[in-house]
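Single-structure report; data block below.
No hydrogens, no waters, no symmetry mates; every other heavy atom, side chains included, goes into these values. First the proteins, then the strands, lettered A, B, ... as listed; each starts at 1. This one's a predicted model, so the numbers in the text were calculated from it and none came from an experiment.
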Amino acid sequence: MIDKQVTSLADAMAGITDGSVVLVGGFGQVGHPMALIDALIEQGAKDLTIVCNNAGVGRSGLPRLMKLGRVRKIVCSYPRTAAVFSELYAAGQLELEITPQGTLAERIRAGGAGIGGFYTRTGAGTLLAQGKETRSIDGKDYVFETPLRGDVALIEAWEADRFGNLTYRGSGRNFNPVMVTAAALSIVQVQRVVEAGTIVPEAVVTPGLFVNRVVEVPYAPPFAAIEY
Amino acid sequence: MIDKQVTSLADAMAGITDGSVVLVGGFGQVGHPMALIDALIEQGAKDLTIVCNNAGVGRSGLPRLMKLGRVRKIVCSYPRTAAVFSELYAAGQLELEITPQGTLAERIRAGGAGIGGFYTRTGAGTLLAQGKETRSIDGKDYVFETPLRGDVALIEAWEADRFGNLTYRGSGRNFNPVMVTAAALSIVQVQRVVEAGTIVPEAVVTPGLFVNRVVEVPYAPPFAAIEY
Amino acid sequence: MRAAADRMVGPELAARKLIAGRVARDIPEGWNVNLGIGIPTLVADLVPEGREVMFQSENGILGMGPAPEGEVDPWLVNAGKQNVTLRPGASLFDHALSFAMIRGGHIDLCVLGALEVSERGDLANWSTSSNDTAPAVGGAMDLAVGAKRIWIAMDHTTKQGASKLVEQCSYPLTAAGCVKRIYTNLATIDVTERGFEVIELIGGTTFETVQTHTAAKLHRGKGLV
Amino acid sequence: MRAAADRMVGPELAARKLIAGRVARDIPEGWNVNLGIGIPTLVADLVPEGREVMFQSENGILGMGPAPEGEVDPWLVNAGKQNVTLRPGASLFDHALSFAMIRGGHIDLCVLGALEVSERGDLANWSTSSNDTAPAVGGAMDLAVGAKRIWIAMDHTTKQGASKLVEQCSYPLTAAGCVKRIYTNLATIDVTERGFEVIELIGGTTFETVQTHTAAKLHRGKGLV
């Protein structure tokens, strides 16, 4: 019987190695897998590259992982959400790859969909296009962007079944359904695991084939877990 | 008040001009907008380029439009579904652009998403890559594919509200949610129009902003309308 | 949204609401509109009664409503991470589809704040230096090139009195030639082939006064006496 | 699926079921599998009892079940446009996501038919001529490059007796070097660095007999005496 549920957060983290590229879902705290990040802190992997829209909020979660010196590089669109990021970056202790938000989403989608790279108008003629290949298409400037994949994706969803089918709540979807497609190992924190067949086939947002592990984490609204 | 519903198929076709590129949803007959194609036949626009996965089935719908000499070119992955296509193509009366199914979907998605072009491994080293730019990425061959947009998209969906939010039934989704994003004028045939607020926000597959016109067509299963 | 407004004090908020209200008046029914943070956020609550406008938030909402009055759904936030509500007809989606909307030209209007706008419509609103200590771009560059129209809602000058309308941007660009119209506390200004064109003066200001506060040549629009 | 099987007659169907059953036996639980038309379609119904395999159909189904016994949902068809059912845990999606699955390497296995397979694993299965009167490719090229593994299920020879295993394909390629394994009515053959390697002989056939029907050199696999 297919069953992707693991029973502990420690089991969910099994096999994550030093130097991994880790895709982390969420927009601000909504859809951000706080329990999985805490478990990753516990697990110990270091020299990580974190791909996440923001650099976390407050002092727990990603800021704590960074503060512990476990993050080598961060790829994001808007890191200026955590004081810890700004301190470490200013001190030269953290590499930063800043990417426009839409380009970040599209690069991750490309990584998951087998696209070798694509041209976008976003960023053309700006600092963020420096050093990148550009091309004029129908008289407009485009920048070539490469796909982005992770060794691991840490995802938050609302419900899952044993096949790994996922639904999301409210604006908690954001990067999660994109990132879950683009990692060798996709680990999902859900509010509840439901019986197979409970999620209507039309209502599945992420088909289970993109998911490797599901861990049920007791109900917690997005802002409950933050330590400021 | 926003209301995208039009009351007749004739109104739904208003303004479609000769020479239009028309994206037509469906995989075989499922999700294929038969009523809109019939209305287009009625409407009279000619010299059309049809973008559709198949070339229709039997003699009604697309085959009839082709038989009437109204189609200049067809872009599809598997046209060999209608005898009319094969006859016209063999007689040199129809241009054909054959595109792998996934590349077709991705080109249309790119058209809708503002992507200037992308690299795919599909087709590399085959007849279908002849004359196309290729690139080696991480030691593998990729083909450059361009975005595909329509002047018009003819779409079948299950339910709509006055905002144009859409749901689909079963495997009727297929190309429809992709094509609806990639045309200047997206026209949707639905089985029923429901009150605003009836479709749960999480259950909307196509947000209304992609839709221009909705026309309610009485319930008809996919194969009911075909004349063989 | 109300949450943003709540952080401002009386006169500052009133001035900002004046600009936002002027923008709101010009948005026709049925447009799909994305609002940046700052003054643009205030536009949503100032759309004339009965006019349906669909507000998009790049984190995956179309049909966004105001801040919640009573119970808060913590899973519903806008691009500024403030709690919001949904209107009937709302839909929720992921970042890939959200930016397909934005970059694919499906957003009728995006209202943004700016550090500088040049007379060719160049926009600088994401970074104050090419050696930024902690650069952050968010969705600004995507919106600037992707939306059908970019309108700017901002104070005409900086707090130090320097014009934010310039001949050429000194800050790093968000996108070149993207701005169509600028709403400030002094005037409404179109960006045209010949440069800045004043189409409306705000609160009894004269064209000459506006020119005094502007570091680029202003032209009189047709409607302006 | 049953619908396809129903169109075949006794001995032909039995032979095809033998090949399909051999394929089905080798699919581990939990794999996500796409089946091409022809013999591959038969694989779904022949997976050993109690083993869960997720069948994907490129028109937007994961968790596809067999042909309906009673009531038919006309909106549910497979890639061959035959009516199917859904198993518990099924999901439905659009072509963009379906081919993201396929092209992004998320399908563990795709079983396809073939016109020819070369000893380097080149596959020809979409066109019998470069001047095809009505060429049609469907999703074959996407599946051939995108799935983690391509297995071929086919008759060893054409109806005219010509080997479908060749040194070099004469028909237009679907993709180069993609085939990992071939199941025929005579043998199961891996495509390896040194070429075709027979890993199993079917129904008492000898290695020499298989070689006689094969237009490329065969190697003996380790398991073969």
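- Using modelled atom types, no side-chain atom of D/His106 and backbone atom of A/Leu209 make a donor-acceptor pair closer than 3.5 Å.
- A pairwise comparison of heavy atoms in A/Ile2 and D/Met54 identifies CD1-CG, 3.8 Å as the closest pair.
- Counting non-hydrogen atoms of neighbouring residues, nucleotides and ligands closer than 6.0 angstrom, the CD1 atom of D/Ile37 reaches no more than 12 such neighbours.
- Most heavy-atom pairs under 4.5 Å with chain A: of the set D/Gly30, D/Ala90, D/Gly50, D/Gly60, this distinction falls to D/Ala90.
- Of all heavy-atom pairs spanning D/Leu97 and A/Pro207, the tightest one is CD2-CD, 3.8 Å.
- Residue-environment remark: NZ (A/Lys140) stays at or below the threshold of 12 foreign heavy atoms within 6.0 Å.
- Residues of residues 107-118 of chain A lying under 4.5 angstrom from chain D, judged on non-hydrogen atoms, are A/Arg109, A/Gly112, A/Ala113, A/Gly114, A/Ile115 by number.
- In this structure, D/Ser91 OG and A/Ile199 CD1 are separated by 9.5 Å, a value rounded to the nearest 0.5 Å.
- Within 6.0 Å of NZ in A/Lys46 there are 12 or fewer heavy atoms belonging to other residues, nucleotides or ligands.
- No side-chain heavy atom of A/Met1 sits less than 4.5 Å from a side-chain heavy atom of D/Arg51.
- The two residues A/Asn165 and D/Gly89 come nearest to each other via the heavy atoms ND2-O, 2.8 Å.
- Residue D/Gln168 qualifies as open at atom CD: its count of foreign heavy atoms under 6.0 Å is 12 or below.
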